[in-house]
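Read through the structure below, which is laid out as structure tokens, and then see the notes.
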Amino acid sequence: MPLAVGLRLVALRARALRLGVWRLVSPTARALIEAAILFLRRGGRIKSQTLLAALQRAMDEVMQLVTPLRLKAIALGRAAARERGVEVDEERALALGLQILNTPGRWRPRIAAWPLP
């Protein structure tokens, strides 16, 4: 694992701490990120593909909590519009994404390109 990935881990953890969402991350993901940072700081290299995949899942979990709601709504709105074959600008994508996010899960449309339940 290159040095840049280790620095990304440190930056991601610092951002999560700064925004106050680090406590919302699962204990397993927190421990994995902390251990990887410590291991990489001491000069180690992560070669295991399984460990890298688990680390990627942990980073995705943190990124989901750190990403601003506006960006999530725009991405969701664009994915929903693309699925319907419509081209939308950023403002309409934001409106569509917020409408979908505010819809209760029971009636929320399933969008293939979006990992929301």
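Computed from heavy atoms alone, side chains included, the values below leave out hydrogens, waters and symmetry copies.
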query = Between Trp22 and Ile33, is any pair of side-chain heavy atoms under 4.5 Å apart?
reply = yes
Review point. Would Leu55 and Leu38 show up in the same hydrophobic cluster when neighbours are defined by side-chain heavy atoms closer than 4.5 Å?
Key: no
Distance col, row Arg78:CZ vs Leu94:CG, nearest 0.5 angstrom, shows 10.0 Å
task: Say whether Val88 and Leu76 are linked into one hydrophobic cluster, either directly or through other cluster members, by side-chain heavy-atom distances under 4.5 angstrom.
output: no
* Do Val86 and Leu98 belong to the same hydrophobic cluster, where Ile, Leu, Val, Met, Phe, Trp and Tyr are linked whenever their side-chain heavy atoms lie under 4.5 Å apart, directly or via other members? -> no
Q) Are side-chain heavy atoms of Glu61 and Gln64 found at a separation under 4.5 Å? A) no
Notebook entry, point to check: Would a 4.5 Å heavy-atom cut-off, applied to side chains only, mark Arg41 and Ile37 as touching?
Noted result: yes
request  = Consider only side-chain heavy atoms of I, L, V, M, F, W and Y, link residues closer than 4.5 Å, and tell whether Leu17 and Met63 are in one cluster.
outcome  = yes
Output for pair (Thr67 OG1, Arg15 CZ), nearest 0.5 Å, gives 6.5 Å
Counting C-beta onward and ignoring hydrogens, is there a side-chain heavy-atom pair between Leu51 and Leu32 closer than 4.5 Å? yes
Q | Under 3.5 Å donor-acceptor, Arg30 side chain and Val25 backbone | A | yes
Next item on the list: Measure the shortest side-chain to side-chain distance between Asp60 and Gln56 over non-hydrogen atoms and say whether it is less than 4.5 angstrom.
Entry: yes
